[in-house]
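Right, one structure below, let's go through it.
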There are 2 protein chains.
Amino acid sequence: MNEDGPVAAVRAIHEVFMRTDAAITGPLAEMGLTTATAQALWALDPDDEPPSMKTVATRLHCNAPNLSFVADQLAARGLVERVPDPRDRRSRALVLTAKGEQVRSQVMRTVVEHSPLSALEPDDIAALLSILDKVVAVTPRGSAPTS
Amino acid sequence: MNEDGPVAAVRAIHEVFMRTDAAITGPLAEMGLTTATAQALWALDPDDEPPSMKTVATRLHCNAPNLSFVADQLAARGLVERVPDPRDRRSRALVLTAKGEQVRSQVMRTVVEHSPLSALEPDDIAALLSILDKVVAVTPRGSAPTS
DNA sequence: GGGAGATACTTCGAGACTCGAACGACTGGG
DNA sequence: CCCAGTCGTTCGAGTCTCGAAGTATCTCCC
């Protein structure tokens, strides 16, 4: 290899992400979603406690106004609802609707299907995952859904 | 693991990318660059033949008008020059200036430094790279610089 | 040679995403 | 009660991205 390892690794991650993004833009548009809305939808795990806006914003590495904007679009499509938190009435939890839950799993299916990662063997997927988990473990952020 | 392998892998790639992006936005801004301009700069390998606009657009998975826009900004900062191709006068090659070459290596250094991947051991970097190379090899796109 | 069609790039206008600043609502501690 | 801090929203601006249209040039085939 004629390249610095870390540099190549950063580049490779970037490339895989860009390819995935390019490949899913079309299919997502057919469901009335964009990359931003799909990301937010993905971040809402129906099996977990509905997270507050702030929690989701942290997960998505974006700020509060941005998440408000994205949540508006999801709500307008009937995919999420803002539920006031009785424990803290400043806070609102983002809850998936039935339709939202269904669209979310459709999104995950579509994204995985179009991702170049799906060309890998299960062994490679497992190895990849084990390495990336180390990375994510080091700098914990608003921990994200796992399913 | 309570999660489908490919789903988790796609998510992990996404998470690493988002963290990297969030971490480098500040440092890049200090150099007068944005994510978009830094990506374009990264895609120009000074050791290779200067690529045409179209070639770079393909590398970046964006379209011609977008690259025109980004190239304008790089040119305005004195980092690249548009050099007419004598073989095809429709085409213009993007050539790094001396300053551009210097800023490019500074960008790569900064990005790697701030990437969560830099927390990995060299062995893990190598393993990661070997897996991701398989992915990229399957669906070749405008092949990118390697250094 | 000459014309038709394709290609490379640019410009223009619109849309989507992101952010900082400012605001109202609420909480918790003095 | 008061005050500082937090959560969410709205507003305005900036950036990125794209499709449509236009110009210049190339290629191919008659």
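Sequence lines set the chain letters: A, B, ... in the order given, protein chains first and strands last, and positions in each chain run from 1. Side-chain atoms are counted along with the backbone in the values below, which use heavy atoms only and exclude waters and symmetry mates.
Note on R82(B): a side-chain N or O is less than 4.0 Å away from OP1 or OP2 of dT10(C). Within the 4.0 Å cut-off from OP1 or OP2 of dC19(C), at least one side-chain nitrogen or oxygen of N66(A) is found. Between S91(A) and the phosphate of dC26(C), there is no side-chain N or O to OP1/OP2 separation shorter than 4.0 Å. Look at T34(B) and you'll find a side-chain N or O under 4.0 angstrom from OP1 or OP2 of dC16(D). Between Q73(B) and dC16(D) there is a side-chain N or O to OP1 or OP2 distance below 4.0 Å. Note on N63(A): every side-chain N or O is 4.0 Å or more away from OP1 and OP2 of dT18(C).
Here the C1' atom of nucleotide dC12(C) and the CG atom of D72(B) are 13 Å apart, to the nearest Å. D88(B) has its CG atom 8 Å from the C1' atom of dT7(C), to the nearest Å. L33(A) places its CG atom 10 Å from the P atom of dC17(C), with the value rounded to the nearest Å. Nucleotide dC17(C) holds its P atom 16 Å from the CG atom of D21(B), rounded to whole Å. Put simply, NE2 on H61(A) is 17 Å from C1' on dC17(C), counting in whole angstrom units. Here the P atom of nucleotide dT11(C) and the CZ atom of R92(B) are 8 Å apart, to the nearest Å. The interatomic distance linking L60(B) (CG) with dT17(D) (P) rounds to 9 Å, in whole Å. At whole-Å resolution of the value, CE in M18(B) and P in dC17(C) are 13 Å apart.
Between I24(A) and T110(A) the shortest side-chain heavy-atom distance does not fall below 4.5 Å. Looking at heavy atoms from C-beta onward, M18(B) lies out of side-chain contact with L60(A) at the 4.5 angstrom threshold. A 4.5 Å side-chain heavy-atom check between V136(B) and R19(A) finds at least one atom pair inside the cut-off. Contact check for L128(B) versus L132(A): side-chain heavy atoms found under the 4.5 Å cut-off.
In the set dT11(C), dC19(C), dG8(D), dG8(D) carries the atom at the smallest distance from any side-chain atom of S68(A). Taking the side chain of F69(B) as heavy atoms from C-beta on, and the options dC11(D), dC26(D), dT17(D), the nearest nucleotide is dT17(D).
Donor-acceptor pairing under 3.5 Å is recorded for the side chains of S52(B) and T55(B).
Using a 4.0 Å heavy-atom distance criterion, T35(B) is classed as making no nucleic acid contact.
Between D85(B) and A36(B), it is A36(B) whose nearest contact on DNA chain D lies nearer the 5' terminus. Of the residues near DNA chain C, T37(A) and R89(A), the one whose nearest nucleotide (by heavy atom distance) lies more toward the 5' end is T37(A).
For R90(A) against dT27(C), a side-chain-to-base donor-acceptor contact under 3.5 Å is absent.
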